[in-house]
Amino acid sequence: MNTAKNSITTFQQNFVSLHNQLSNVIVGQDEVITHLLIALLSGGHILIDGLPGLGKTQLIKALAASINVSLSRIQCTSDLMPSDIIGSEVLLKTNSSDNLHFNFHKGPVFNNLVLVDEINRATPKTQSALLESMQEHQVTCAGTSYPLPHPFWVIATQNPIELEGTYPLPEAQLDRFMFKISIQYPSASSLLNLLDITLENKTIDDLETVLDSQQIIEMMSLAKQVIISDKVKSAAVSLILATHGKHQESHTFAKQHIRYGASPRGLQALIKSAQIRALTDARAHVAIEDLIEVSLLTLRHRILLNLESEISGINPDDVLIEIIRLWKKSQTNKYSQP
Amino acid sequence: MVKLVSKLNTGEFAIIFLFLRKVRTQLWLNIYCKNISIALKVTVVMLIILILLAYYNVIFSIRTILYLSSFPIISTIIYTLYCKPSIDDSALVADDLLATKSILMTALELISNQKKGMSEFSSLVIQHTAHSITHKYNTIEHLHCFRSISFPWLWLGITISCLLFTLNSIPPLTHFYPISTPTSIKKTLNIASTLKSEINRLDSPELQQKQFKINKKVDNHQIPTPSDKYSQSDQTQIKKAADSKKTSHNQNSQLNSSTPKIDNMTTGNTKDSMQELISKKKGHVIEEKNMTILLPNKAIHTYRGSNEKIISKNFQFTQEFNSSKLSAGDITSKKAISLTNMLTPVQRNYAITYLKSIQVTD
């Protein structure tokens with residue numbers, strides 16, 4: 001029992017130290033950092049959405065430096081090919097003989113942390129090259145599957161403006177991302193802090209490693225032990241079903257706005273991230289509050305609004321916030337005091 | 001669960017269960033009070049409706065009113081007895097009270113589910129639960145929603161007041177009287193006036209002298225004959241009355257079949273009032289004299305032994321009655337009417353006022 005308690009305490013300490021390290025680099029984005037770390041420890045991939053110059057790439061580089069894992073960066077353009085990501089078979093001559101044979105040359109995807117910058121600029125063909133690696137943690141080339149290193153994360157960024165010459169990510173691709181994090185513009189005080197850091201001439205290379213990959217794996221395995229009661233599981237299922245416009249139990253509001261709801265993969269993401277959220281709060285069990293905390297992050301890119309809502313300019317976040325509110329209301333205990 | 005219990009301190013289990021039971025009891029009481037409050041409100045509304053119905057003579061029996069008004073309360077009590085909140089619901093409420101983020105709910109599930117209880121984190125959750133309860137118990141004790149049981153005293157008071165008002169104002173009518181107000185007034189006055197007229201007649205000095213004579217004869221050990229007891233005129237009167245009893249009974253029953261007989265008035269306060277009046281004249285033989293004094297609109301009536309038909313209007317006294325000595329009696333006495341106790345308060349007041357106005361006019 002003490003071991004479990006110590007494990008949770010250690011987890012919390014590691015989480016806080018990593019968070020503090022990143023907060024020193026990316027100023028005024030504490031919430032984004034928390035969400036990033038939750039997704040990271042859940043073993044999920046992250047899609048970061050934000051305007052240029054908000055520090056998306058910087059954040060990921062700082063993260064890779066802090067946890068001492070291999071990082072590769074893929075800058076997506078319209079002429080990027082799948083082989084540029086996953087690698088390709090090249091003809092090589094061995095030293096022992098003059099025979100030529102094909103040898104698989106690993107692409108940048110064979111790293112612990114893959115930063116796919118401006119993913120929406122790549123063609124759908126290239127985007128699809130990441131599907132297998134993201135879901136199955138392996139790459140298949142010329143009939144041979146190559147496993148990816150563990151842990152493996154894909155962190156993609158995209159720009160919500162300058163959409164000319166971009167290819168919106170297909171639903172299948174979006175569904176593979178555990179979280180979609182939106183970076184907002186920092187406050188004035190945060191910008192002042194940013195100036196101070198800039199004037200100090202500190203670079204990412206100066207960052208110290210806070211955790212190694214082994215510790216990260218331990219933290220990830222600890223999250224699997226977090227207890228989820230049946231009622232919390234039922235609540236998670238009901239939340240996913242609430243996003244389905246065509247479902248019987250869904251609210252009228254969802255029926256009005258949503259064409260397709262969250263997938264079962266979304267449910268898995270919801271529960272896994274809720275486990276990490278519970279551990280960060282030094283709890284060995286998942287609460288309904290954890291589900292609420294991570295629900296917007298896990299579901300915002302998994303719902304598809306209908307045509308009327310899209311034409312009306314309704315944001316999926318607004319629809320989800322209302323659905324979560326209605327769901328929370330339905331989850332309220334019938335005996336609770338008003 | 002046995003394995004888990006062996007791992008843990010049993011005191012933690014005891015703390016969790018005792019706390020959950022306390023919460024459940026408190027929750028149950030709160031639900032009880034809430035339901036009772038609703039039931040009392042319903043009862044008050046029902047009582048008001050029933051009182052109104054009783055005023056308009058739709059409902060006669062106080063029992064009916066009591067049964068109907070007590071139904072919501074009794075059914076609520078029984079329903080709430082069977083709807084005791086489960087321990088799971090108590091855990092949810094306890095989580096809300098402690099703000100422990102579903103820990104009690106999870107702990108309860110772990111205790112009841114043996115497989116889940118095996119992991120290392122399970123014991124930690126239970127330990128945390130017990131710890132939270134111990135530390136936050138004092139805080140909970142001071143919470144308003146947990147501490148106070150808001151029994152609906154106000155509504156209980158209103159309900160009791162309504163019940164008392166009902167009991168005081170509405171008599172338990174069990175007679176088969178017609179519903180309409182004028183008929184009831186007529187019958188009541190009929191009974192009262194008949195009794196009074198008899199009393200007046202017995203109080204007359206002539207009859208008292210005759211009775212005195214009879215008593216004197218009895219004292220002298222002489223068997224009195226009917227001719228001795230009464231004068232010739234009295235004998236004729238008695239005979240006439242006896243003969244006309246059957247005929248008048250038939251006539252009355254034809255004219256108004258719902259008119260009750262005095263002999264049949266054996267229930268309720270009416271009987272008491274009659275007995276009271278009769279007991280004042282002990283020793284006298286009361287001769288039944290069925291005589292209608294007050295009649296409703298356009299009611300055709302004949303006196304006993306007379307074939308003359310009289311049409312009366314709006315409860316006016318008949319001419320015969322006005323000319324007779326019976327009218328001299330205090331038939332408009334409030335007591336005489338109120339003792340009959342067969343009218344609703346509205347009817348009673350109406351009758352008294354009406355009769356007083358007649359008396360003043362006369």
Side-chain angles (χ1 to χ4, degrees), chain A residues 1-12 218-239 270-271 274-295 327-338, chain B residues 4 7-9 12 23-24 26-31 34 83-113 115-132 143-148 150:
Chain A
M1 195 157 63
N2 285 329
T3 317
K5 200 174 179 179
N6 291 335
S7 304
I8 291 170
T9 313
T10 310
F11 180 97
Q12 207 181 7
E218 281 173 10
M219 286 168 82
M220 287 166 76
S221 61
L222 188 73
K224 289 174 185 170
Q225 293 180 45
V226 174
I227 295 161
I228 309 166
S229 71
D230 291 340
K231 286 192 175 168
V232 174
K233 284 178 191 169
S234 304
V237 170
S238 71
L239 177 58
L270 188 72
I271 284 293
Q275 282 180 314
I276 298 291
R277 174 70 181 74
L279 278 175
T280 57
D281 202 19
R283 276 184 285 112
H285 71 283
V286 176
I288 289 174
E289 287 82 356
D290 299 323
L291 295 178
I292 293 166
E293 186 75 27
V294 296
S295 55
W327 168 80
K328 195 180 170 184
K329 202 175 173 184
S330 69
Q331 292 296 312
T332 310
N333 181 19
K334 61 181 175 180
Y335 296 110
S336 293
Q337 295 291 328
Chain B
L4 189 64
K7 276 185 186 177
L8 295 164
N9 182 9
E12 288 165 357
V23 171
R24 183 168 68 167
Q26 195 70 23
L27 185 64
W28 199 17
L29 284 170
N30 282 338
I31 293 164
K34 195 178 168 184
C83 292
K84 195 174 184 179
S86 65
I87 203 87
D88 289 344
D89 293 330
S90 311
L92 286 171
V93 174
D95 273 325
D96 283 350
L97 289 169
L98 290 167
T100 45
K101 295 184 178 177
S102 313
I103 195 167
L104 274 156
M105 186 174 75
T106 311
L108 189 71
E109 209 169 279
L110 289 172
I111 291 164
S112 50
N113 193 335
K115 284 181 184 174
K116 279 190 176 179
M118 291 302 289
S119 80
E120 200 174 352
F121 273 25
S122 307
S123 53
L124 192 66
V125 167
I126 289 163
Q127 195 188 33
H128 276 173
T129 311
H131 184 76
S132 301
L143 282 173
H144 177 72
C145 58
F146 191 78
R147 179 168 46 90
S148 66
S150 54

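Keep in mind that this is a model prediction, so the values were computed, not measured.
Top candidate by heavy-atom pairs under 4.5 Å with chain A, chosen from B:Thr106, B:Val125, B:Asp95, is B:Thr106.
Taking A:Ala236 as the reference, A:Leu267, A:Leu270, A:Ile271, A:Leu291 meet the side chain to side chain contact (heavy atoms under 4.5 Å, CB included) condition, with sequence neighbours excluded. By the side chain to side chain contact (heavy atoms under 4.5 Å, CB included) test, B:Ser132 is found to be paired with B:Thr100, residues two or more places apart in sequence or in another chain being considered.
Proximity to chain B (any heavy atom under 4.5 Å) is shown, for A:Ala235, by neither the backbone nor the side chain. Using a 4.5 Å cut-off between heavy atoms, A:Gln225 touches chain B through backbone and side chain atoms alike. Contact annotation for A:Asp281: only side-chain heavy atoms (C-beta onward) come within less than 4.5 Å of a heavy atom of chain B.
For the pair B:Lys101 and A:Glu289, the salt-bridge criterion is not met [side-chain N within less than 4.0 Å of a carboxylate O].
Between the side chains of A:Asn6 and A:Thr3, no donor N or O sits under 3.5 Å from an acceptor N or O.
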